[in-house]
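First up is the structure itself, then whatever we jot down about it.
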Amino acid sequence: MNHNKNSKSRAVFGTRLGLIATTVGSAVGLGNIWRFPFEAGVHGGGAFILCYVIFIFLLGVPVICCEFVLGRNSRSNYFGAVKHYSSNGYWKAGAIAGIIASLMILSFYSVVAGWTLEYLFQSLTGGLSLQSAEQFHERFTAFSTDALRPVLWTALFLLANFGILIRGVTKGIEKISNIMMPMLFVILIAFCINSLSLPGARHAMDFLFQPDFSALTPSVVLGALGQAFFSLSLGLGCLLTYASYFRKDVSLARNAVTVASLDTIVAILAGIMIFPAVFTFGMSPAAGPALVFEVLPSIFTRMEGGALWAPLFFALLVLASLTSTISMSEISITYFMEERGMTRRRATILNTLIALVFGTLCALSFGPLSNLKIFGLTIFELFDYTSSNILLPLGGMLIAIFTGWYVDRRTVRTELLGERADTPVWYRVLIFLIRFIAPAGILLVFLSALGLI
Ligand code: TRP
């Protein structure tokens, strides 16, 4: 529609560091610090983590490259980008599914970010000075099942998200990310060192890094695939939308590898921080979404200067969540603006309202709505499962097929290689991964999870 007009006036990220920091800012978030440890715990540790790392590099990196190519080349929103290369309605429907998935993720993600705000508040007001693991468990249960507090925190978080988005992406985010990502990194390493001195550290290392292949069921493998895509912000046009703000002179493939590597390191660090405490304090690694919120306070109370570390950590986690929700909101906002002709203000309001309604339902599904089950899952679980384990990998598969088979080869080549005349080996490998391995790999994981192979 008004693609050309928009592409001229589109903003561009300023520096290479800013570009990496914002993309890593999108990737690093609750997915690494909250979802990765709890999924690894539920799925038995080592074997899950091994699959996760393989999926990140074998399937994740190629699909990141695809999103980067499509975004920077079309300089457009997800739907607009697909439309740019194909008029086929099925592809466009795929883009719309991605946009809906982004709103689903934003909804449940904001609930967990709201929990983080509560814990930031508690850590500042002395509410985390309990002692035993049971007390922390009871504290979290009482809070998360409450009918009001989680909803209020979710709303507050969405308001902060709104406040940044309304100013436009390239203004504030680049600066926040540049400072925050390195800080989060340093503080995580400090926590890991502390956790490694706990008596349960040995047990935790075995749990994390000694794969027990008998635990490898199809649903574990699907969980690892979903987690890989979730953590990389991959499969629904998020990185595509960010890449539409990239300058022409940055190397897409190199950035894809950098983002994937940093994201994986942060997730592994989160595991090293959490699991020694889990085994030391006799908690269950399979506690699910509550895991990190019950374990972290126990770590802080036993740490020297914990009263200072705790608020710092939760504040950084809130910021890391914000840089992620900003990126996922941008998917629907750019769609509303560029395809539906809305102003940024209107588009941002609509995005926030949708997330507020569904976020409230997700927040309540731990308490008043906990008996409302669809396919045996609460609303929160349904949103999380459907988007992460089904829509993201499926979207990633379509993006790989689209880029590998439908988009003009020269376009893909120019975006990835520039004007270079020779064809390096890594490029051949990458194209092979995009055309064959990524689609087939994802399909195989699905078929096995469905019990068909
Ligand atoms: N990757 C982010 C995290 O790990 C979450 C996220 C941001 C995301 N944007 C996304 C997940 C787009 C899926 C799709 O916290």
Side-chain angles (χ1 to χ4, degrees), residues 21-40 52 55-56 60 63-64 66-68 71 77-78 94-95 97-116 157 161 164-165 169 173 177 180-181 184-185 188 224-243 256 259-271 289 292 316-335 351 355 383-396 398-399:
T22 33
T23 322
V24 175
S26 164
V28 172
L30 292 167
N32 307 64
I33 314 260
W34 160 76
R35 200 174 188 278
F36 173 78
F38 103 65
E39 284 280 323
Y52 166 79
F55 288 154
I56 290 264
V63 181
I64 301 180
C66 294
E67 287 210 20
F68 279 178
N77 67 84
Y78 190 15
I99 293 163
I100 294 174
S102 76
L103 288 163
M104 288 171 73
I105 295 180
L106 179 63
S107 305
F108 77 80
Y109 201 94
S110 303
V111 173
V112 184
W115 296 348
T116 315
F157 178 81
N161 191 48
I164 301 176
L165 280 164
V169 166
I173 302 171
S177 305
M180 198 211 64
M181 298 315 299
L184 186 69
F185 210 70
L188 266 179
L225 182 65
Q227 176 59 27
F229 276 65
F230 187 91
S231 192
L232 293 174
S233 308
L234 205 54
L236 36 77
C238 182
L239 296 179
L240 185 158
T241 308
Y242 263 20
V259 171
S261 309
L262 290 175
D263 186 66
T264 309
I265 294 173
V266 173
I268 303 277
L269 287 178
V292 172
L316 283 172
L317 194 52
V318 169
L319 287 177
S321 315
L322 266 176
T323 54
S324 297
T325 50
I326 286 162
S327 75
M328 65 182 91
S329 304
E330 199 61 11
I331 305 170
S332 55
I333 291 176
T334 49
Y335 168 72
N351 166 275
F383 271 41
D384 183 3
Y385 190 89
T386 334
S387 52
S388 316
N389 286 8
I390 300 173
L391 294 174
L392 293 186
L394 209 58
L398 293 179
I399 289 171

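Whatever order the structure lists them in is the order used to number ligands and atoms, beginning at 1. The first residue of the sequence shown is numbered 1, and numbering continues consecutively from there. Keep in mind it's a predicted model, so treat the numbers as computed, not measured.
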### Task
Look at the aromatic rings of Phe108 and Trp34 and report parallel, tilted or perpendicular, splitting at 30° and 60°.
tilted

### Query
Hey, does Phe230 have a side-chain heavy atom less than 4.5 Å from the side chain of Ile105?
yes

With heavy atoms only and a cut-off of under 4.0 Å, state how [X] meets ligand 1: side chain, backbone, both or neither.
X	result
Ser233	both
Phe229	neither
Leu236	side chain

Numbering the atoms of ligand 1 from 1, which are under 4.0 Å from a heavy atom of [X]?
X	value
Ile105	13 (C)
Leu30	15 (O)
Tyr109	3 (C), 5 (C), 15 (O)
Gly31	3 (C), 4 (O), 15 (O)
Ser324	2 (C), 7 (C), 9 (N), 15 (O)

### Query
Is it true that the side chains of Asn161 and Ser329 contain a donor and an acceptor less than 3.5 Å apart?
yes

### Query
For Trp34, is the nearest heavy atom under 4.0 Å from an atom of ligand 1?
no

## Note on the structure
When distances are taken from atom 1 (N) of ligand 1, the protein heavy atom at minimum range is Phe230 O, 2.8 Å

